[in-house]
Amino acid sequence: QLDDPRVQVVRQPVNGGKGSALRRGFALAEGPFVVVQDADLEYDPADFEQLLGPLLDGSADVVFGSRFQSGRPHRVLYFWHSVGNKLLTLASNAVTNLNLTDMETCYKAFRKEVLDSFELEEARFGIEPELTAKVAAGGWRIYEVGISYSGRTYAEGKKIGWRDGVHAITCIARYAPSNQRRRSRRTA
């Protein structure tokens with residue numbers, strides 16, 4: 001419905017997963033900043049101002065939106081999703097030496113050069129821990145800002161499940177900065 005010549009709609013011929021769509025979008029992005037926005041609108045585009053603030057003022061290279069840091073409105077949903085998210089964030093923080101509160105957040109904003117500095121591999125939701133680990137390994141300046149959240153139920157179309165959590169643990173280990181250094185030495 002947007003009528004703006006700067007907006008290009010790109011459709012994937014086959015649904016290859018979130019990671020596949022992000023890799024394609026990142027490759028096509030031309031501006032200085034890139035913000036991830038899922039189509040389901042669980043995350044409010046009105047929060048772009050908060051996300052872009054630290055990038056625009058030059059204090060950050062990457063900004064994560066946190067559903068847990070803000071005190072901003074968020075829909076209360078599944079207890080076990082919250083526990084799983086906190087455990088995945090803890091595991092990611094342990095291997096990246098970051099102190100994020102919400103590694104699995106959709107809302108991530110980047111300076112374009114950050115995304116151009118590494119190759120992404122994951123096709124599905126493993127893209128979240130992969131992005132986090134590769135940003136951490138690159139030594140980029142990371143900020144976190146509070147965002148609102150209006151999550152969906154499974155009846156409303158929520159797709160993530162426990163198998164995605166298990167795969168995320170695998171990705172946290174695979175893309176840990178120490179493993180990335182070993183992988184890059186092998187290919188050099």
Side-chain angles (χ1 to χ4, degrees), residues 10 12 15-40 42-43 45 47-48 50-55 59-69 81 84-147 149 159-160 163-184:
V10 178
Q12 295 281 72
N15 182 356
K18 179 175 183 172
S20 177
L22 288 180
R23 286 196 325 266
R24 184 158 180 220
F26 292 161
L28 293 171
E30 297 175 357
F33 306 114
V34 176
V35 176
V36 176
Q37 171 69 57
D38 285 354
D40 60 18
E42 287 184 329
Y43 296 81
D47 288 337
F48 281 11
Q50 285 87 271
L51 279 171
L52 289 169
L55 297 174
S59 57
D61 302 308
V62 178
V63 180
F64 281 62
S66 174
R67 297 166 284 182
F68 309 117
Q69 181 187 34
H81 278 210
N85 185 305
K86 288 177 179 148
L87 290 173
L88 292 172
T89 297
L90 176 66
S92 174
N93 286 344
V95 301
T96 60
N97 198 28
L98 297 175
N99 65 343
L100 294 168
T101 63
D102 193 3
M103 178 272 298
E104 289 284 349
T105 183
C106 157
Y107 263 0
K108 294 177 178 74
F110 306 86
R111 291 187 181 284
K112 179 70 163 94
E113 62 263 26
V114 173
L115 296 171
D116 292 341
S117 73
F118 48 74
E119 295 284 326
L120 292 168
E121 303 169 38
E122 290 298 313
R124 292 185 34 87
F125 292 113
I127 195 77
E128 306 296 359
E130 180 186 7
L131 274 166
T132 304
K134 290 184 175 180
V135 164
W140 298 100
R141 298 170 302 158
I142 304 167
Y143 270 56
E144 196 172 43
V145 299
I147 58 166
Y149 179 67
K159 291 178 182 51
I160 200 158
R163 285 182 180 90
D164 297 300
V166 171
H167 185 66
I169 289 289
T170 303
C171 291
I172 288 168
R174 178 182 304 138
Y175 300 110
S178 58
N179 289 339
Q180 288 181 61
R181 286 189 288 277
R182 272 186 245 132
R183 289 170 79 180
S184 65

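From a predicted model like this one, the values you see are computed outputs, not experimental measurements.
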(message) Let's go through Glu144 and Leu100 carefully: what are the C-alpha distance in whole Å and the side-chain angles of both, what is the deciding distance for side-chain contact (heavy atoms from CB on, under 4.5 Å) to 0.1 Å, and is it a yes or a no?
(response) CA-CA 7 Å; Glu144 196 172 43; Leu100 294 168; 3.8 Å; yes
What I'd like to find out is whether the side chain of [X] reaches to under 4.5 Å of the side chain of [Y], using heavy atoms alone.
X	Y	answer
Leu131	Phe26	yes
Thr132	Lys108	yes
Phe33	Lys112	no
Met103	Ile172	yes
His167	Arg124	no
Tyr107	Val63	no

Could you tell me whether the side chain of [X] and the main chain of [Y] form a donor-acceptor pair under 3.5 Å?
X	Y	answer
Ser59	Pro54	yes
Asp38	Asp40	no
Ser92	Leu88	no
Thr105	Ser66	no
Gln37	Tyr43	yes
Lys134	Glu119	yes
Gln50	Ile147	no

Calculate, to the nearest 0.5 Å, the distance between atoms [atom1] and [atom2] belonging to [X] and [Y] respectively.
X	Y	atom1	atom2	answer
Glu128	Cys171	CD	SG	10.5 Å
Leu52	Asp47	CG	CG	11.0 Å
Leu120	Tyr175	CG	OH	8.5 Å
Ser117	Arg111	OG	CZ	13.0 Å
Ile142	Asp61	CD1	CG	8.5 Å

For [X] against [Y], the heavy-atom pair lying closest together:
X	Y	value
Ala136	Leu98	CB-CD1, 3.8 Å
Val35	Ala109	CG2-CB, 3.9 Å
Ala176	Ala133	N-CB, 4.4 Å
Ile169	Ala91	CD1-CB, 4.3 Å

(request) Check whether more than 12 heavy atoms from other residues, nucleotides or ligands sit under 6.0 Å from atom CD of Glu30, and answer yes or no. (result) no
(request) May I ask you to say whether Glu104 pairs ionically with Arg67, meaning some side-chain N is under 4.0 Å from a carboxylate O? (result) no
(message) Do the side chains of Arg174 and Glu122 get close enough for a salt bridge, i.e. N-O under 4.0 angstrom?
(response) yes
(message) Quick one, Trp140 with Phe110, criterion side-chain contact (heavy atoms from CB on, under 4.5 Å). Give me CA distance, side-chain angles, the key distance, then yes/no.
(response) CA-CA 10 Å; Trp140 298 100; Phe110 306 86; over 6 Å; no
(request) State, without any angle test, whether Asn85 and Thr89 hold a side-chain donor-acceptor pair at a distance under 3.5 Å. (result) yes
(request) Would you check, one step at a time, whether the test side-chain contact (heavy atoms from CB on, under 4.5 Å) holds for Val135 with Phe118? (result) CA-CA 9 Å; Val135 164; Phe118 48 74; 4.1 Å; yes
